[in-house]
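Notes follow the structure.
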Protein chains: 4
Amino acid sequence: MPNPARPSLTPRKRPRQARAAVTVDAIFEATIQLLIRSGADSLTTTRVAERAGVSVGTLYQYFPNKQALIYALNERYLETLAAKIEATCTAQNGQPASTMLKALIDAYWRAKTERPEVTRALYRSVADLDNSALIEAFASRVDTATTAMFASACDADFADLASVNLTLVTVIFGTVRNVFERGLDSQDAEKLQGQLCLMCDAYLKALDGSSIAQPR
Amino acid sequence: MPNPARPSLTPRKRPRQARAAVTVDAIFEATIQLLIRSGADSLTTTRVAERAGVSVGTLYQYFPNKQALIYALNERYLETLAAKIEATCTAQNGQPASTMLKALIDAYWRAKTERPEVTRALYRSVADLDNSALIEAFASRVDTATTAMFASACDADFADLASVNLTLVTVIFGTVRNVFERGLDSQDAEKLQGQLCLMCDAYLKALDGSSIAQPR
Amino acid sequence: MPNPARPSLTPRKRPRQARAAVTVDAIFEATIQLLIRSGADSLTTTRVAERAGVSVGTLYQYFPNKQALIYALNERYLETLAAKIEATCTAQNGQPASTMLKALIDAYWRAKTERPEVTRALYRSVADLDNSALIEAFASRVDTATTAMFASACDADFADLASVNLTLVTVIFGTVRNVFERGLDSQDAEKLQGQLCLMCDAYLKALDGSSIAQPR
Amino acid sequence: MPNPARPSLTPRKRPRQARAAVTVDAIFEATIQLLIRSGADSLTTTRVAERAGVSVGTLYQYFPNKQALIYALNERYLETLAAKIEATCTAQNGQPASTMLKALIDAYWRAKTERPEVTRALYRSVADLDNSALIEAFASRVDTATTAMFASACDADFADLASVNLTLVTVIFGTVRNVFERGLDSQDAEKLQGQLCLMCDAYLKALDGSSIAQPR
DNA sequence: AATGAATGAGTATTCATTCAT
DNA sequence: CATGAATGAATACTCATTCAT
């Protein structure tokens with residue numbers, strides 16, 4: 001429930017006509033570019049509009065304020081990301097757990113590394129914004145998808161699936177974030193991806209022998 | 001080599017007298033408080049000075065600009081954190097790897113969770129700031145300490161210690177960060193800490209059987 | 001009780017040093033000049049500051065927002081006006097009612113006509129502003145002063161002093177306002193002032209014969 | 001002669017068809033509503049159009065600019081008011097002066113009090129607008145009507161009718177305005193209306209005995 | 001050393017008005 | 001005739017920083 005005191009973060013109007021959609025996309029793209037080049041601090045609505053090739057007024061027709069613009073940008077980003085993860089999960093239905101893990105790690109890693117500057121820029125922009133709602137929505141979508149996937153594994157049965165799922169997702173996502181934070185080069189990153197797979201696999205196998213997960 | 005174009009981030013003068021140290025501490029504390037309460041966006045030097053009980057002029061006697069203040073704050077924070085990790089690593093010398101892992105995870109987790117709002121505030125404030133230098137210095141200190149520790153493990157010999165160390169540190173730090181990002185409650189967090197230990201342990205054991213690590 | 005939702009109208013800080021007082025006075029004077037020349041609509045804080053010979057920032061050190069500036073200006077104006085009326089009332093203590101009336105009308109009329117453009121400018125500027133609090137405070141001060149004066153009249157005793165006082169004050173003030181509104185020339189205005197005295201006098205005499213006021 | 005520099009205040013086109021008249025009326029009504037609710041400052045053409053249920057474009061078909069809209073609104077208002085006063089004056093032809101006075105005061109008072117928020121809103125909106133032309137036209141119509149009325153009084157002959165008329169009209173109109181300005185409650189207002197009648201009556205009687213008015 | 005008044009460039013945001021559809 | 005997306009000049013207000021006292 002958003003605090004009614006603080007200004008709205010919801011878009012002012014949805015683009016109905018084709019050209020309006022183009023306008024909104026241009027604004028989003030311009031925002032990303034500026035975020036990458038100069039960071040969130042020097043992001044001004046005027047510059048965004050300028051770069052997008054529209055007037056400030058137009059920008060404000062679609063976003064009630066600057067925060068709402070950044071918010072919407074993150075929303076769009078997370079939505080795309082969630083969709084990718086969901087697709088991956090669906091595709092892995094019935095596979096062995098180890099294959100699933102590899103696929104999940106790979107999909108997430110790839111999505112984040114595809115346009116690394118975008119990832120970095122958004123990681124940063126998000127900072128001051130109160131986007132917990134977005135994060136929560138994203139987390140919930142992902143949880144649902146990955147949980148369903150792991151539940152369908154042909155070679156494992158998890159006693160406490162929720163816990164296992166939370167662990168895996170948190171570790172994977174966190175590791176990726178930290179790779180960006182430390183600015184690891186792609187060689188290190190690649191090696192690390194492999195080690196992460198290994199680690200998660202080992203984790204599942206360890207569970208297998210414990211009281212949490214039972215061999216089938 | 002710092003870019004000469006961007007303003008200096010180094011403090012203007014070091015506090016020599018006792019009361020000056022008090023002043024600087026008050027400024028740091030005030031900054032943290034404001035960061036927690038209202039976020040980096042509404043952090044102004046005037047407000048920091050006000051809350052610290054000094055005049056703006058005084059603040060500028062110690063910090064050449066706002067960035068330098070935040071930079072110094074993070075520096076102080078990371079220094080403390082690094083020191084804690086180093087202490088932990090030293091204390092674990094010669095222990096079994098599993099014990100080391102547990103200790104490292106616990107130490108880091110505790111340091112971050114002690115004053116969660118501070119952690120969160122700093123995670124955020126850092127965003128726009130170009131603090132890669134800080135992060136790198138911190139990472140390097142930590143790497144040295146943990147590498148030395150793992151090398152001394154009484155029950156393991158790592159074929160590629162650097163790789164193993166990087167993996168563990170990245171995974172652990174990243175996981176903690178993600179716990180904050182998702183805003184997990186303390187119950188979930190605690191459970192996750194246990195699972196993380198389990199996972200790292202399993203990782204080491206898996207390495208044991210592979211070509212990377214050889215049993216002694 | 002001011003609505004806490006709308007921005008404060010109270011000054012940000014009181015000028016303590018002599019030069020600060022000069023600054024504030026310059027701002028007030030500049031505001032009046034601009035109000036006279038171009039009206040409230042085109043009054044911008046930038047222009048006020050410019051004309052006052054200070055920076056916008058300085059203006060905002062003393063007034064939290066534009067409204068507060070106009071509010072303070074009116075406050076100052078009404079305070080001066082109230083003081084003049086109070087002085088007049090005090091001076092008339094014990095005089096015959098007719099003399100009092102003449103003095104009151106004369107004092108108010110003169111105060112308003114002294115700098116007619118200022119009067120006109122303030123009449124206008126007040127429009128959108130919620131200055132009912134100011135008006136009320138002013139009215140209350142005036143009521144007290146005039147009531148005390150009329151009560152001391154050596155030749156009359158009012159059965160319903162409150163009512164008589166309200167009538168006289170409302171009629172006098174209203175008439176003056178309307179003179180400005182219609183833009184009467186000074187000849188007409190002067191004649192009207194005389195007629196107003198006559199009318200008020202006649203009113204008091206009429207009351208004398210009625211049940212409201214008793215001859216002593 | 002209107003200043004050619006300032007934008008025209010005359011309507012762009014007169015509504016010829018019935019539905020156009022409805023549109024214009026809706027725009028007027030919407031303007032009044034917004035004026036009442038939020039004041040002249042936050043009155044925007046977009047909002048007026050929205051509330052009137054038409055597009056901004058349509059609004060601009062009838063009014064060349066925002067000022068013209070407010071101007072026209074006041075014009076309409078003053079026209080109605082003038083008509084009411086003229087009707088009252090005509091109806092009083094040949095009556096005793098005292099009756100006339102009572103009728104005039106009553107008519108004006110009633111017209112202003114009927115929709116007090118409208119009165120207040122228009123009193124305010126007018127402020128910045130250069131509507132002296134409107135006021136003058138209104139004053140002239142009223143003067144003609146009241147002068148004719150008083151000239152027909154069956155029981156009085158005024159030596160300086162113009163002066164008497166100006167006095168009465170100014171006092172009455174001004175008093176009413178001040179009642180609104182001070183925000184008197186209806187009880188006080190009613191009492192004041194009575195006292196005003198009394199006062200004006202007394203004024204006429206006083207003139208009777210002086211050199212200005214001669215008994216017939 | 002400390003103070004805090006003054007500065008003014010810079011920013012978010014609004015809104016009257018136009019004009020292509 | 002009607003629409004409403006686009007415009008961009010204009011404005012209130014902030015805040016890092018300086019410097020005279």
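Chain identifiers are assigned alphabetically (A, B, ...) following the order of the sequence lines, protein sequences preceding nucleic acid strands; residue numbering begins at 1 within each chain. Bear in mind that the values here come from a model prediction, so they are computed numbers and not experimental data.
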Would you mind classifying the nucleic acid contact of [X] as base, sugar-phosphate or nothing, using non-hydrogen atoms under 4.0 angstrom?
| X | value |
| --- | --- |
| C:Leu59 | nothing |
| B:Thr58 | base |
| A:Leu69 | nothing |

Over 12 non-hydrogen atoms of neighbours within 6.0 angstrom of CD in B:Glu136
no
Toward the 5' end of DNA chain F, which comes first, B:Thr45 or A:Val54, by nearest nucleotide?
A:Val54
Sorted by position of nearest nucleotide on DNA chain F, 5' first, the leading residue of C:Gly57 and D:Gly57 is D:Gly57
Are OP1 or OP2 of E:dA16 and a side-chain N or O of D:Arg47 less than 4.0 angstrom apart?
no
Spacing of [X] atom [atom1] relative to [N] atom [atom2], expressed in whole Å:
| X | N | atom1 | atom2 | value |
| --- | --- | --- | --- | --- |
| C:Tyr71 | F:dA12 | OH | C1' | 21 Å |
| B:Asp41 | E:dA12 | CG | C1' | 12 Å |
| C:Gln67 | F:dT11 | CD | P | 15 Å |
| B:Ile27 | E:dT3 | CD1 | P | 10 Å |
| D:Glu50 | E:dC15 | CD | C1' | 13 Å |
| C:Phe63 | E:dA5 | CZ | P | 14 Å |
| C:Tyr62 | E:dT7 | OH | C1' | 13 Å |
| C:Gln61 | F:dC13 | CD | P | 15 Å |

So if I take every side-chain heavy atom of [X] and compare against [options], which nucleotide ends up nearest?
| X | options | result |
| --- | --- | --- |
| D:Thr44 | E:dA16, F:dC13, F:dT11 | E:dA16 |
| B:Tyr60 | F:dA16, F:dG8, E:dA6 | F:dA16 |
| A:Ser55 | F:dA6, F:dC15, E:dT13 | F:dA6 |
| B:Lys66 | E:dA16, F:dA16, E:dT13 | F:dA16 |

Quick one: look up who F:dT14 pairs with, Watson-Crick or G-U, both distances under 3.5 Å, and put none if it's unpaired.
E:dA9
Using Watson-Crick or G-U wobble geometry with both distances below 3.5 Å, tell me the partner of F:dA20, or none.
E:dT3
How do D:Ser42 and A:Thr46 order along DNA chain E: which one's closest nucleotide is nearer the 5' end?
A:Thr46
Between B:Val56 and C:Gly53, name the one whose nearest nucleotide on DNA chain E is closer to the 5' end.
B:Val56
Do B:Phe63 and B:Phe28 have their ring centres less than 6.0 Å from each other?
yes
Check whether the ring centres of B:Tyr77 and B:Tyr123 lie less than 6.0 Å apart, and answer yes or no.
no
Quick test of your reading of the model: are D:Asp41 and D:Arg124 salt-bridged, counting only N-O distances below 4.0 Å?
no
If we check side-chain contact (heavy atoms from CB on, under 4.5 Å) with A:Leu59, which of these qualifies: A:Thr31, A:Val48, A:Val24?
A:Val48
Where D:Thr45 and D:Tyr60 come nearest, the two heavy atoms and their spacing
CG2-OH, 3.4 Å
